[in-house]
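Here's the structure we're looking at; comments come further down.
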Protein chains: 4
Amino acid sequence: MARNINRDQELRKERTNDILKHAVELFAQKGLEATKISDIAKKAGMSHGLIYNYFKSKEEIYASLIHLNLNSFKEQLEELYQTKKPKELLEGIVRDFDKRKWNEAGFHYFFVEQIINSDAVNTELKEALNRGYDEVVAFLSRIFKEGIENGEFVPGVPEYHAHYFLTVLQGTIVFSSKSLPQNIYGYTMLSYLYPLE
Amino acid sequence: MARNINRDQELRKERTNDILKHAVELFAQKGLEATKISDIAKKAGMSHGLIYNYFKSKEEIYASLIHLNLNSFKEQLEELYQTKKPKELLEGIVRDFDKRKWNEAGFHYFFVEQIINSDAVNTELKEALNRGYDEVVAFLSRIFKEGIENGEFVPGVPEYHAHYFLTVLQGTIVFSSKSLPQNIYGYTMLSYLYPLE
Amino acid sequence: MARNINRDQELRKERTNDILKHAVELFAQKGLEATKISDIAKKAGMSHGLIYNYFKSKEEIYASLIHLNLNSFKEQLEELYQTKKPKELLEGIVRDFDKRKWNEAGFHYFFVEQIINSDAVNTELKEALNRGYDEVVAFLSRIFKEGIENGEFVPGVPEYHAHYFLTVLQGTIVFSSKSLPQNIYGYTMLSYLYPLE
Amino acid sequence: MARNINRDQELRKERTNDILKHAVELFAQKGLEATKISDIAKKAGMSHGLIYNYFKSKEEIYASLIHLNLNSFKEQLEELYQTKKPKELLEGIVRDFDKRKWNEAGFHYFFVEQIINSDAVNTELKEALNRGYDEVVAFLSRIFKEGIENGEFVPGVPEYHAHYFLTVLQGTIVFSSKSLPQNIYGYTMLSYLYPLE
DNA sequence: CATGAATGAGATTTCATTCAT
DNA sequence: GATGAATGAAATCTCATTCAT
């Protein structure tokens with residue numbers, strides 16, 4: 001065995017990340033269909049053929065990104081959950097939101113339906129996406145529930161608060177090209193969840 | 001003149017509306033890119049060639065819809081402004097929002113950037129879009145300004161309130177496929193703008 | 001009978017000429033395929049549908065023009081033949097050539113093959129074209145024969161002189177956009193056919 | 001690097017030539033407009049899509065051919081110029097003219113205007129065409145000037161002789177489908193430029 | 001006759017995907 | 001693995017021609 005298998009796997013991982021990293025910027029910029037495989041390849045400095053060694057289709061790249069995004073979002077939530085109270089926790093999410101460019105495309109939920117219905121994405125990944133989304137909502141709901149209970153948030157149905165939160169985060173991206181002070185939406189939004197003093 | 005000119009003009013208007021009416025449903029359902037000209041033609045019960053008699057490209061149809069939407073939105077605002085106070089006014093908007101299916105696609109602002117950069121849309125229309133959007137924001141800001149002054153809304157920068165409002169309306173659509181009670185987002189959102197009693 | 005049949009036929013003739021007159025300019029400018037039926041209609045100030053009352057296809061318009069051109073060319077030859085000697089005769093042709101804009105497209109022999117093979121032209125017309133061309137060559141040959149015999153032209157095969165003459169006339173058109181003194185080609189050409197003094 | 005770059009470049013060159021070689025025959029046969037991309041592809045034994053890998057449009061193929069033709073024509077002139085006197089030189093051009101099928105389309109100057117005005121041809125190429133044509137005329141004029149001076153040609157304006165020469169070459173092609181002895185035009189034409197003995 | 005809306009065949013063009021090297 | 005030439009399905013778009021009014 002002339003090659004080091006571990007090293008090979010590492011390389012594979014690296015390549016995969018390369019692709020995703022560059023793909024996400026393009027997806028965020030131009031959307032799913034307007035982003036060409038060859039754009040991604042060029043940006044990532046490789047041949048377009050090589051991409052098919054790592055992903056079976058463009059849709060699969062996109063699906064992977066949403067998957068990653070949901071997971072990282074959930075992880076971030078969980079991590080913050082260890083040390084923060086609900087209010088601080090969500091403020092942290094909002095504060096870091098625009099740093100998490102990497103994951104933005106994951107919020108292009110617009111396209112999710114296309115992905116879910118696409119033959120070009122394997123079933124496993126599709127199911128993972130559905131599951132992941134539900135988990136995020138569930139986790140957020142739990143946080144809001146606690147926040148409402150301890151008075152950090154105004155009363156209401158926690159699940160509605162959760163969707164409201166996601167809605168505005170989504171809106172943040174959609175409107176991100178407008179010229180308001182960075183992330184004003186997020187903070188404004190959160191402020192509405194605080195009880196008046 | 002062997003034909004009735006007025007009738008012809010009416011016909012043209014009708015056809016234009018036919019196309020827009022069916023296009024908007026498809027755009028709302030599948031987005032800009034996944035909607036094919038031939039889909040629109042089939043749905044509208046005409047040949048694809050005919051569409052090019054009325055619009056020079058798919059993007060132009062889309063742009064027309066946004067344009068119409070902005071205008072109708074602005075008109076609705078202006079009309080309500082005659083008789084309603086700010087709070088009632090915005091509640092009216094939210095209440096009727098899901099009835100205005102026709103215009104929904106106009107809120108797919110996701111694609112607006114593509115439209116704005118597309119060669120397939122004539123410059124005039126592009127400018128109208130930009131202008132229209134600014135006018136809507138300006139009008140909303142004015143409403144919020146009054147609402148803040150008369151105590152109907154919590155204090156804040158009216159323009160931020162306006163963007164927040166639009167953001168959530170936008171989010172409403174993006175998430176509209178999920179199973180929450182209709183338009184919970186909109187009402188939830190507005191509730192955050194009311195001062196506590 | 002409410003309508004005057006003769007008047008109707010005159011009108012038909014006029015319309016036909018209208019179409020041809022405007023078509024020829026476009027064909028001369030842009031060629032056969034690049035000229036659209038609707039261009040011709042617009043230029044002639046009528047609806048495109050009406051053109052089909054007079055010609056069964058675009059190719060037929062083109063074929064008609066060549067036909068007319070050949071005929072008028074032959075007539076001109078025959079008319080001049082009554083009073084002129086060969087040398088004067090051909091000089092007359094050359095001199096008037098650029099005034100005969102009307103017929104220029106008839107010299108776009110480039111497209112003749114397309115016409116001859118097109119289903120959109122009726123057989124009769126096609127045969128007329130072939131016949132017409134042969135007649136022109138025959139007539140020119142006869143003129144050159146006389147001119148050679150009476151010493152007005154240098155010796156040679158009359159038929160070759162004829163083709164040479166047509167060749168350069170054709171070339172004249174092809175190069176007509178270049179900036180040489182009007183019709184220098186024609187005169188230069190003829191000068192080579194004169195014996196030195 | 002898994003592929004042999006040199007081999008790839010050769011391949012690209014070959015393919016480009018393949019396309020041009022087959023395109024020129026079709027253009028010569030049917031003209032610019034009647035030649036479809038798919039005709040070229042079929043004749044060249046490749047998929048139509050591949051052609052777009054090498055040329056951005058049909059017009060660009062055509063323009064390339066004219067460009068090549070002008071260049072090869074100029075080179076031929078320059079090469080012959082090393083060893084031949086003007087008269088011999090031009091006779092050489094005429095003699096070889098029908099062997100140079102490859103370049104024929106370059107003489108379809110008929111279409112050049114369309115090419116020059118087409119968006120589908122890049123500016124650089126257009127300028128090269130204009131430049132190339134002027135250079136050819138200039139070179140020919142110089143040859144005629146010398147030929148006139150040394151008595152090989154009849155007196156006259158060299159530039160006119162040059163245009164006359166090109167005109168007839170052009171005419172040769174246009175009439176090439178007719179049944180005269182091969183290239184009679186060319187020789188006939190040149191004979192008119194020789195002083196009588 | 002005259003019009004222009006409507007059709008649909010056919011051409012251009014793009015690009016995801018495959019595969020020989 | 002890596003490359004990019006090659007394919008071909010699918011979309012866009014054009015326009016000659018027909019036909020109801």
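In what follows, chains are A, B, ... by sequence order, proteins preceding strands, each numbered from 1.
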Problem set entry | Any D:K56 side-chain N or O less than 4.0 Å from OP1/OP2 of E:dT13 |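 Checking D:K56 against E:dT13: no side-chain N or O falls below 4.0 Å of OP1 or OP2.
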
Exercise. At their closest point, which heavy atom of C:L26 faces which heavy atom of C:T35, and how far apart are they?
Worked result: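 Residues C:L26 and C:T35, closest heavy atoms: O-OG1, 3.3 Å.
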
Taking the side chain of [X] as heavy atoms from C-beta outward, which of [options] is closest to it?
X     : options               : answer
B:Y52 : F:dT17, F:dC13, F:dT7 : F:dC13
D:S47 : F:dT12, F:dG8, F:dA5  : F:dG8
B:R15 : F:dA2, F:dA6, E:dA6   : E:dA6
A:H48 : E:dT12, E:dT18, E:dA6 : E:dT18
B:L50 : E:dG4, E:dT7, F:dG1   : E:dT7

For this session: Decide yes or no for C:F55 and C:T16: does some side-chain heavy atom of the first lie under 4.5 Å from some side-chain heavy atom of the second?
Result: yes

Exercise. Of C:E33 and D:Y54, whose closest DNA chain F nucleotide lies nearer the 5' terminus?
Worked result: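 The residue mapped nearer the 5' terminus is D:Y54.
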
For this session: Take D:R12 and C:K36, find for each the nucleotide of DNA chain F with the closest heavy atom, and name the residue whose nucleotide sits nearer the 5' end.
Result: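 Closest to the 5' end, via its nearest nucleotide, is D:R12.
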
For this session: Using the closest heavy atom to pick a nucleotide of DNA chain E for each, name whichever of A:G49 or A:A34 lands nearer the 5' end.
Result: A:A34

Exercise. With no hydrogens and no angle check, is any side-chain donor or acceptor of B:H22 less than 3.5 Å from a backbone partner on B:D18?
Worked result: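 It does hold such a pair.
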
Exercise. Within the distance-only criterion (no hydrogens, no angle test), does the side chain of A:K36 pair as donor or acceptor with the backbone N or O of A:E33 below 3.5 angstrom?
Worked result: yes

Exercise. Using purine N1 to pyrimidine N3 plus N6-O4 or O6-N4 for Watson-Crick, or N1-O2 and O6-N3 for G-U wobble, both under 3.5 Å, which nucleotide pairs with E:dA20?
Worked result: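 When the pairing criteria are applied, F:dT3 turns out to be the nucleotide that pairs with E:dA20.
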
Problem set entry | Nucleotide opposite F:dT12 in a Watson-Crick or G-U pair, distances under 3.5 Å | E:dA11

Seminar exercise, completed: To the nearest angstrom, the CG-P distance between B:D18 and E:dA6 comes to 9 Å

